[in-house]
Each structure stands twice: as C-alpha cells, then as structure tokens.
Amino acid sequence: MRACRREAAPYTPIWLMRQAGRYMREYREVREKTTFLDLCKNPALAAEVTVTAVEKLAVDAAIIFADILLILEPLGIDLEFAKGEGPVIHNPVRKPADVERLHELEDANALHFVYEAITQTRSALKPDIPLIGFCGAPFTLASYMTEGGGSKNYVHTKRLMYDDAGAWHAMMALISRALVKYLNAQIAAGAQAVQLFDSWVGCLSPDDYREFVLPHTTSVIRGVTAGVPVMHFGTGTAALLELMREAGGDVIGLDWRVRLDEGWERVGHDVAVMGNLDPVVLFAKQDVLQAQAKKILDQADGRAGHIFNLGHGILPETPVENVIALVEMVHEFSHRLHG
Ligand code: CP3
C-alpha cells in the first residue's frame with residue numbers, strides 16, 4: 001500500500017499476476033473437484049485458493065480469485081470456459097443491434113459471490129497483507145465480447161470500432177458504468193486496492209487508443225472510490241505508456257518489452273510502477289532468474305513506488321520452486337538496496 005502511494009518501504013513489495021493458478025498443486029487439487037466458473041462463484045473455495053497462494057509464496061499482497069470475464073454474464077453475455085480452450089462466448093457482440101441487446105448492470109449484487117469471497121478472504125488473511133480487487137479494462141472486455149474468445153488480430157473488435165463508432169462508444173460506456181459499480185462494491189467488501197487489466201490493449205495504435213479507449217478507461221478510474229489506489233495494467237503497451245498514464249492510475253503496469261527505468265521515466269516519477277519480469281524467465285535456471293530480478297531492482301534504483309511483479313501472468317507450467325525463490329530474492333536484494 002505504501003508503494004502504491006510512493007512512500008518509502010523497507011523492501012520492494014512483490015506479488016504476481018495469476019499467483020493462484022494451475023502451476024500450483026494446491027490449486028489443481030481444488031480445481032479437480034469443480035469447474036473454473038463454479039470455483040469463482042464459491043466464496044469459501046475462492047478465499048481458500050487466494051490465501052493458499054499468498055502463504056505458499058510469501059508474497060506481499062493477495063489478489064482475489066475471480067476472473068475478468070465474470071461481469072459479462074450480468075451484461076447478457078453467455079460465457080463458458082471450455083476445457084483446454086479458455087473462454088468461449090456464445091453470443092458475441094458484432095453489430096449495433098447486438099450492442100442494443102446488452103443489459104445495463106442495474107444491480108452490482110449480481111456479482112455477490114465476488115464480494116463474499118473478498119470479505120471471507122480479508123478476514124482469513126494476515127492483517128498486513130493487502131487484498132487487491134480487480135476487473136478487466138473496458139477495451140479488453142469489449143474485445144472478448146466481440147471476438148467471442150481470445151484473438152490474434154482483433155478483426156471483429158476493430159471492425160465494430162471503425163465501422164460503427166457510435167455503437168462502439170455505447171458499448172464501452174455501458175461496460176465502464178458496470179465496472180465502476182463492480183469495483184466500488186469490491187472495495188466496500190474489503191478490497192484495499194484495485195487493478196484494471198487491459199491485457200490486450202497493446203493491439204491498438206496510439207491514435208486509436210486515444211479516440212476509442214482512453215475516455216472510457218478514464219471514466220472507470222475516475223469513478224473508483226476516492227483514496228483507493230488503482231493499478232492500471234496492460235501488455236504490449238510500450239507505445240501507449242504515456243496515454244495509459246493520461247487515462248489514470250496510481251500505479252502503471254509495465255511489461256518486459258520496455259526497460260523498467262525507461263518506462264518509469266516515460267510515465268513520470270510522480271506515479272508508481274509495477275513490473276516487469278518476463279514470466280518465461282521463471283523457467284530458467286535460478287542464477288539467470290536472480291540476475292534478471294536484480295537488473296529490474298537496479299533499474300528501479302531504490303526509488304519509492306516500485307511494486308515487483310511479472311510483466312504478465314504466471315504460465316501454467318511454471319516451476320513453483322522458482323516462483324518461491326523469486327519472492328525471496330526480491331525481498332533479500334531490495335532490503336539491501338533500501339537499507
Ligand atoms: O491472479 C490471480 O491469481 C487471480 C485470479 C485471476 C484469474 N484470471 C484466474 C484464472 C485473474 C486476476 C484473472 C484475470 C484474467 N482473466 C485476465 C487478465 C490477466 C491476463 O492474463 O491478461 C484475462 C485475460 C482473463 C481471461 C481468462 N481467464 C482466460 C483467457 C483464461 C483461459 C486461459 C488460461 O490461462 O487458462 C482464463 C481462465 C483462468 N482465469 C484460469 C485462472 C486460474 C485458469 C482456469 C482453470 O483453472 O482451468
């Protein structure tokens with residue numbers, strides 16, 4: 001929490017995107033007995049999975065176990081997590097008439113299970129471990145809604161954006177209004193900071209980001225309960241960093257395609273940054289991992305406001321012992337730097 005506010009901390013805090021996931025035996029054991037969506041909708045199990053990851057890794061923050069796509073269901077999207085395929089949307093939004101069929105999120109309680117999971121997790125966590133709530137950013141959610149799943153070239157998304165700008169903005173505004181309610185309900189339930197995942201926004205040109213995305217992301221960030229730090233994350237965003245900063249956030253996520261010192265310089269030292277180890281480095285030998293982690297800490301240069309993280313989520317085949325070792329290394333090296 002201090003790093004979010006750019007206050008001095010005794011060491012560099014670290015947490016990892018997707019820290020609770022399939023690379024971890026304890027997670028796989030829980031998942032064997034339930035589907036992914038049922039797990040997300042079971043507050044006791046979601047809390048268990050969240051807390052187990054924090055304790056096993058000794059990271060400095062928890063992120064609530066949920067998914068960015070859960071909010072699509074109350075908006076009228078038919079969502080499925082197909083085995084081995086990732087998310088599938090059976091009624092994608094491709095035309096202006098599809099946008100008109102979307103539901104306004106009138107009652108944020110449609111996602112009550114997320115808030116219950118947050119409350120249970122908060123009371124199960126040690127008091128000094130902050131709990132992060134999250135949502136997908138408007139563009140990344142819109143891309144899933146239009147593509148119907150993951151995508152390589154975002155043809156459906158961009159076609160709607162270019163050909164039907166009115167429908168595009170109406171859809172982005174509807175998503176954004178829902179996200180503000182959703183994040184604030186997570187905060188009311190006990191989330192102490194929130195993160196926007198704009199995982200796929202790096203597919204856009206800077207001009208298109210400014211026109212089609214920035215106003216909506218800005219409206220979400222501005223709508224978040226005052227005083228709660230917002231982390232604004234994307235990947236492939238080396239060309240968009242200044243614009244993401246303009247859109248808002250107390251902490252800007254950097255991926256590994258940009259050096260941390262350059263990225264921080266570009267977003268400005270008056271915001272905090274998070275990142276930026278390549279998740280695949282976790283597959284390397286530990287001396288390589290150590291050298292790469294050190295390089296990032298050297299680039300942060302002991303400046304207040306660096307949260308160590310990966311540049312994207314942990315991959316399913318990652319050796320868990322390397323993740324534990326990374327957390328230890330970051331704590332040890334940064335303790336020396338700060339101390
Ligand atoms: O970080 C955490 O530990 C908290 C939980 C979390 C999950 N998804 C659990 C999950 C978070 C923060 C997310 C965010 C999320 N979900 C993002 C943004 C982050 C990113 O990776 O860019 C995105 C794009 C999604 C959508 C999503 N969910 C996809 C594309 C997939 C399938 C691909 C895959 O990795 O399997 C999911 C499923 C998912 N979300 C899993 C987990 C643990 C795996 C599901 C399983 O157990 O089978």
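Just follow the structure's listing: the first ligand is 1, and inside any ligand the first atom is 1. Computed from a predicted structure; not experimentally measured.
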Atoms of ligand 1 less than 4.0 Å from [X] heavy atoms?
X	result
F197	12 (C), 18 (C), 19 (C)
G86	32 (C)
P87	29 (C), 30 (C), 31 (C), 32 (C)
R31	46 (C), 47 (O), 48 (O)
Q19	1 (O), 2 (C), 3 (O)
I63	1 (O), 2 (C), 3 (O), 4 (C), 12 (C)

*If you measure from each non-hydrogen atom of I64 to ligand 1, which part falls under 4.0 Å: side chain, backbone, both or neither?*
backbone
*Around atom 38 (C) of ligand 1, find the nearest protein heavy atom and jot down its residue, atom name and distance.*
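Looking only at protein heavy atoms, the one closest to atom 38 (C) of ligand 1 is F81 CE2, 3.6 Å.
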*Shortest protein contact, atom 24 (C) of ligand 1 (heavy atom only)*: Y144 OH, 3.3 Å
*Looking at ligand 1, does any of its N/O atoms fall within less than 3.5 Å of an N/O of H312?*
yes
*Any chance the rings of F212 and F139 have centres within less than 6.0 Å?*
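Between F139 and F212, which both carry aromatic rings, the centre distance is not below 6.0 Å.
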_So that I know where these two stand, are W200 and H312 an aromatic pair - ring centroids less than 6.0 Å apart?_
yes
*Evaluate the side-chain proximity of D270 to R245: yes if any heavy-atom separation is below 4.5 Å, no if none is.*
yes
*Does the side chain of V251 come within less than 4.5 Å of I307's, by heavy atoms?*
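I307 vs V251: side chains touch.
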_Atom CZ of R222: over 12 foreign heavy atoms under 6.0 Å_ =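 Open.
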_W264 CH2 to N276 CG distance, which is reported to the nearest 0.5 Å_ =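 Reported to 0.5 Å precision, the distance equals 11.0 Å.
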*Which word best sums up how the rings of F81 and F36 line up, parallel for under 30°, tilted for 30 to 60°, or perpendicular for over 60°?*
perpendicular
